[in-house]
J.: 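One structure, as structure tokens, below. Some questions next.
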Amino acid sequence: MDKKQLEESVNNRRTFAIISHPDAGKTTITEQLLLFGGVVRKAGTVKAKKSGNFAKSDWMEIEKKRGISVTSSVMQFDYAGKKVNILDTPGHEDFSEDTYRTLMAVDSAVMVIDSAKGIEPQTKKLFQVCRMRGIPIFTFINKLDRDGREPLDLTAELEDVLGIESYAMNWPIGMGKGLKGLYDIYNHRIELYRSEDEGQAFLELDDNGEIKGDNPLKDESIYKQVLEEIELIEGAGSEFDEEKIAKGELTPVFFGSALTNFGVKTFLDAYLKYAPKPAAHKTEDGSEVEPDRKDFSGFIFKIQANMNPNHRDRIAFVRICSGEFDRGMDVFLERTGKKLRLSNSTQFMADTRETLETAVAGDIIGLYDTGNFQIGDSIYTGKKAVKFEKLPQFTPELFMRVTAKNVMKQKSFHKGIQQLVQEGAVQLYQSYSTGDYILGAVGQLQFEVFQFRMANEYNSEVVMTPMGHKIARWIDPEQLDEKMSSSRNLLVKDRAGMPLFLFENEFAERWFMDKYPDVKLTAKL
């Protein structure tokens, strides 16, 4: 591509993550977006044990069994002249690290809120990450098909708890069994509530905001109440401001029901109009790489083993930050300085994928990996090395000893551990004295998923012995004396061979620091 073609292609990309607290409907709205993109004929649901029509974005066996998302999925489709990259993230807090890394690879976020529950703890945490990065946030208040809280309460909570201005793009006319439709403030129309099979139905509004012609809602008391509420928010609420949206200071708010596919298309159309095109990415030295830069560059934000269990494959997910990708191209891996040929590349639809020939900045691509890549790696072409800023890494708080149940299956045990650890969901340590494997994680669910996948994908049953909460602190190898270790501070080494102590509690850590005042301990490497 020449510079102009590259610029046009990049400008057509829209790459976003969907974030929420568990069970707010995040995966269901993803399914509906895929339906509009022509990727699926019928949207699945997360909890579909009876029908068997599981969400396309929940492809792992454990996700289908548990009815939750435990890993970020990547999906791509074309819609209204745009190429859309959606990253559906796990809502469960035990998988925050995966979600945080995913948020480094997108240009905007869609925040899904349950209309009955409002702002929940995980939503608040993920919002703060988006705010920290200054990425635009679009809000979809979901589950209007059920009774929920008053819309005015929900928007007030959004502003008070999250500290962001909001602009209501539409407003519900009733909810639950009394749901009549949406007063579409932005498009100046009313969208009547219809079943998914009936499709959309709109009523035009006149200059005074009244329904033109025959008004099927004129006798509905809820309609009169909505008119009063709209008058109130238009008088006292924030004004629509594209510049504030782009800076992440104002969030456009949409109401709807993902389950019944009501209000989702209206949301998608508006989102694509105001969502940002791919932005520049920061490097470790503080400079920025512009998306229309001629040389190719990108970073690996996720590694996933066994997306196709039959082939025991391993895929590295890459966010392209600049230039154009061509299958078979040679790139440099910044961490090692080695040159690699990218000959096996894919684009995704959750668990299905097809060979990808070309892609540009903003796209998410998959590279078949034989063990060359690690999470956080930068790849690039050209004479000047590119190293993108470090991805977030959490220090584990929960620890487990792990051994193979069947000592005759050590090979599959070691392979499974190495591959699953490289995905970043659990951290691997080894006892300094015995070499025993110890796993560290942010939450208990990560261990359950690890155990399930070891048995399911590697045919290796494992015995996991809880060690409880520990405080992990790294120590400079030059300051280390193995005699410092005790029952209260276990000495282990991480995957890179760096020593650290697992302290029993804060008291044990303080006692150690008092005993060895010259020793410097750090929470992260």
J.: Do Ser257 side-chain atoms and Phe262 backbone N/O form a donor-acceptor pair below 3.5 Å?
T.: no

J.: Within the 4.5 Å heavy-atom criterion, are Phe299 and Val386 side-chain neighbours or not?
T.: no

J.: Report yes if the side chains of Leu342 and Ile379 come closer than 4.5 Å at any heavy-atom pair, otherwise no.
T.: yes

J.: Would you list the pairs meeting salt bridge (charged side-chain N to carboxylate O under 4.0 Å, His left out) in which at least one residue belongs to residues 370-380, sequence neighbours left out?
T.: Arg335-Asp377

J.: Could you tell me the separation between the OG1 atom of Thr28 and the CG atom of Asn261, rounded to the nearest 0.5 Å?
T.: 11.0 Å

J.: Can you name the closest pair of heavy atoms from Gln32 and Ala258 and give their distance?
T.: NE2-O, 2.8 Å

J.: Is the Phe140-Phe254 ring centre distance short of 6.0 angstrom?
T.: no

J.: Any donor and acceptor pair, going by atom type alone, linking the side chain of Gln5 with main-chain N or O of Asp2 inside 3.5 Å?
T.: yes

J.: For Arg327, what residues pass the side chain to side chain donor-acceptor pair (under 3.5 Å) criterion, not counting sequence neighbours?
T.: Glu357

J.: Begin with the C-alpha distance, continue with both residues' side-chain angles, and end with the deciding distance and a verdict on side chain to side chain contact (heavy atoms under 4.5 Å, CB included) for Leu340 and Phe373.
T.: CA-CA 10 Å; Leu340 299 173; Phe373 297 121; 3.7 Å; yes

J.: Should Ile300 and Gln374 count as side-chain neighbours, where that means a heavy-atom distance under 4.5 Å?
T.: no

J.: Can you list the residues that meet the side chain to side chain donor-acceptor pair (under 3.5 Å) rule with Tyr271, with sequence neighbours excluded?
T.: Ser108

J.: Start with the C-alpha gap between Leu33 and Phe16, add the side-chain angles, then the distance that decides, and say whether side chain to side chain contact (heavy atoms under 4.5 Å, CB included) holds.
T.: CA-CA 12 Å; Leu33 297 177; Phe16 68 95; 4.0 Å; yes

J.: Do Tyr458 and Ile417 have side chains that approach each other closer than 4.5 Å (heavy atoms only, starting at C-beta)?
T.: no

J.: So do the side chains of Met464 and Phe450 get within less than 4.5 Å of each other, counting heavy atoms only?
T.: yes

J.: Give me the atom names and distance for the closest heavy-atom approach of Cys130 to Ile19.
T.: SG-CD1, 3.8 Å

J.: By side chain to side chain donor-acceptor pair (under 3.5 Å), which residues pair with Asn12, not counting sequence neighbours?
T.: none

J.: Does some side-chain heavy atom of Ser322 sit less than 4.5 Å from a side-chain heavy atom of Glu290?
T.: no

J.: Which atom pair, heavy atoms only, marks the closest approach of Gly362 to Asn85?
T.: O-ND2, 3.5 Å

J.: Any non-hydrogen side-chain atom of Asp23 less than 4.5 Å from a side-chain atom of Asp114?
T.: no

J.: Determine which pairs satisfy salt bridge (charged side-chain N to carboxylate O under 4.0 Å, His left out) with at least one residue from residues 271-287, sequence neighbours left out, and list them in order.
T.: Glu284-Lys387

J.: What residues, two or more places apart in sequence or in another chain, satisfy side-chain contact (heavy atoms from CB on, under 4.5 Å) together with Thr251?
T.: Ile137, Thr139, Leu158, Ile164, Ser166, Val253

J.: First locate atom CD of Glu288, then atom CZ of Arg293, and finally report the distance between them rounded to the nearest 0.5 Å.
T.: 13.0 Å

J.: Keeping Asp107 on the side-chain end and Ala279 on the backbone end, is there a donor-acceptor pair under 3.5 Å?
T.: yes

J.: Work out which heavy atom in Val106 is nearest to a heavy atom in Arg133; give both atom names and the distance.
T.: O-NH1, 3.4 Å

J.: Got a sec, which residues hit ring-ring contact (aromatic ring centres under 6.0 Å, His included) with Phe296, two or more places apart in sequence or on another chain?
T.: none

J.: Would you confirm whether Arg319, through its side chain, and Phe301, through its main-chain N or O, come within 3.5 Å as a donor-acceptor pair?
T.: no

J.: Compare every heavy atom of Ile245 with every heavy atom of Pro252, then report the nearest pair and how far apart it is.
T.: CG-CD1, 3.7 Å

J.: If we only count heavy atoms from C-beta on, is the Phe447 to Leu439 side-chain gap below 4.5 Å?
T.: yes

J.: Only one of Tyr186, Phe138, Phe267 passes ring pair (Phe, Tyr, Trp, His ring centres under 6.0 Å) with Tyr274; say which it is.
T.: Tyr186

J.: Between Ser460 (side chain) and Ser412 (backbone), is there a donor-acceptor pair under 3.5 Å?
T.: no

J.: Checking Asp363 side chain against Val360 main chain: does a donor-acceptor pair fall under 3.5 Å?
T.: yes

J.: Of all residues at least two apart in sequence or in a different chain, which pass the side chain to side chain donor-acceptor pair (under 3.5 Å) check with Gln451?
T.: none

J.: What pairs of donor and acceptor atoms, side-chain ones from residues 399-406 against any protein atom, are under 3.5 angstrom apart with sequence neighbours left out?
T.:
{"from": "Asn406", "atom 1": "OD1", "to": "Met408", "atom 2": "N", "distance (Å)": "2.9"}

J.: Output all residues satisfying ring-ring contact (aromatic ring centres under 6.0 Å, His included) with Phe127, sequence neighbours left out; order by chain, then residue number.
T.: none

J.: Please list, chain by chain and in numerical order, all residues satisfying ring-ring contact (aromatic ring centres under 6.0 Å, His included) with Tyr167, sequence neighbours excluded.
T.: Phe240

J.: If I compare all heavy atoms of Lys143 with all of Ser115, which pair ends up nearest, and what's the gap?
T.: O-OG, 3.3 Å

J.: With salt bridge (charged side-chain N to carboxylate O under 4.0 Å, His left out) as the rule and sequence neighbours excluded, what pairs involving residues 246-257 come up?
T.: Glu243-Lys247

